[in-house]
Amino acid sequence: MSSIHIIYASTSGHTEYVVNVLTALLRQHGHAVTLTRAEAAKPEDLQKGDVLLLGSGTWNTGGIEGQLNPHMHALLFERATDVSLQRKRVGLISLGDERYYYTTRCTEHFMRFLKECGAKQFLPPLIIVNEPYDQEERITTWGNAVVTRLAKGNGDRLPKMGQ
Ligand SMILES: Cc1cc2nc3c(=O)[nH]c(=O)nc-3n(C[C@H](O)[C@H](O)[C@H](O)COP(=O)(O)O)c2cc1C
């Protein structure tokens, strides 16, 4: 069993819906999942869990489209600038809408953050374009990939000396 911490920002509830579907799936597989909203998260919350999942929609934060949700932006690029996440395993969940030119481009800002703080992507991002409510299969497929990677990670662990 692994511990998974999810930090997410959600203004109209889409990211929250995706995160809730994933949480249920991961718990079904016996993993311990904790959640924090980005607006309430402290920098040290990013260090919680064997794996961290970050979720956000794409917004026009600061007046420019293609940005992170303002709460996620404030956490990652204002409050947590000094946090070290060396080799931390992180999964990204990005949402957006095809009506915008910079569709789901919040992913790029997530990736810049991971690079700057030394974290590594656990698996390719889950990208949800448009409302997530009829996209459960896509969400579930990604959640199952997380479960598989966690199982593989545990299996890869070297046995302790003397075992
Ligand atoms: C003010 C505003 C700006 C947005 N800008 C973008 C954008 O630049 N690119 C994009 O793909 N989606 C954009 N969206 C769409 C949202 O990212 C999308 O609806 C997402 O599912 C919202 O997730 P949430 O409800 O969890 O916040 C924008 C939505 C709003 C209301």
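Order of appearance sets the numbers: ligands from 1, and atoms from 1 within every ligand.
- Salt-bridge annotation for Glu44 and Lys42: absent, with no side-chain N of the basic residue lying under 4.0 Å from a carboxylate O of the acidic one.
- Taking 4.5 Å as the limit, some side-chain heavy atom of Leu150 sits within range of a side-chain heavy atom of Val51.
- Look at Arg105 and Glu65 and you find no salt bridge, because none of the NZ, NE, NH1 or NH2 atoms lies under 4.0 Å from a carboxylate O.
- Sparse packing is recorded around CD of Glu137, with 12 or fewer heavy atoms of other residues, nucleotides or ligands lying under 6.0 Å away.
- The residues lining ligand 1, counting any heavy atom closer than 4.0 Å, are Ser10, Thr11, Ser12, Gly13, His14, Thr15, Gly57, Thr58, Trp59, Asn60, Glu65, Gly66, Leu95, Gly96, Asp97, Tyr100, Tyr102, Thr103, Thr104.
- By the 6.0 Å and 45° rule, Arg112 stacks over the aromatic ring of Phe77.
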Would you mind writing out the side-chain donor-acceptor pairs for residues 120-134 within the sub-3.5 Å range, not counting sequence neighbours?
from, atom 1, to, atom 2, distance (Å)
Asn130, OD1, Glu98, N, 2.9
Asn130, ND2, Glu98, OE2, 2.9

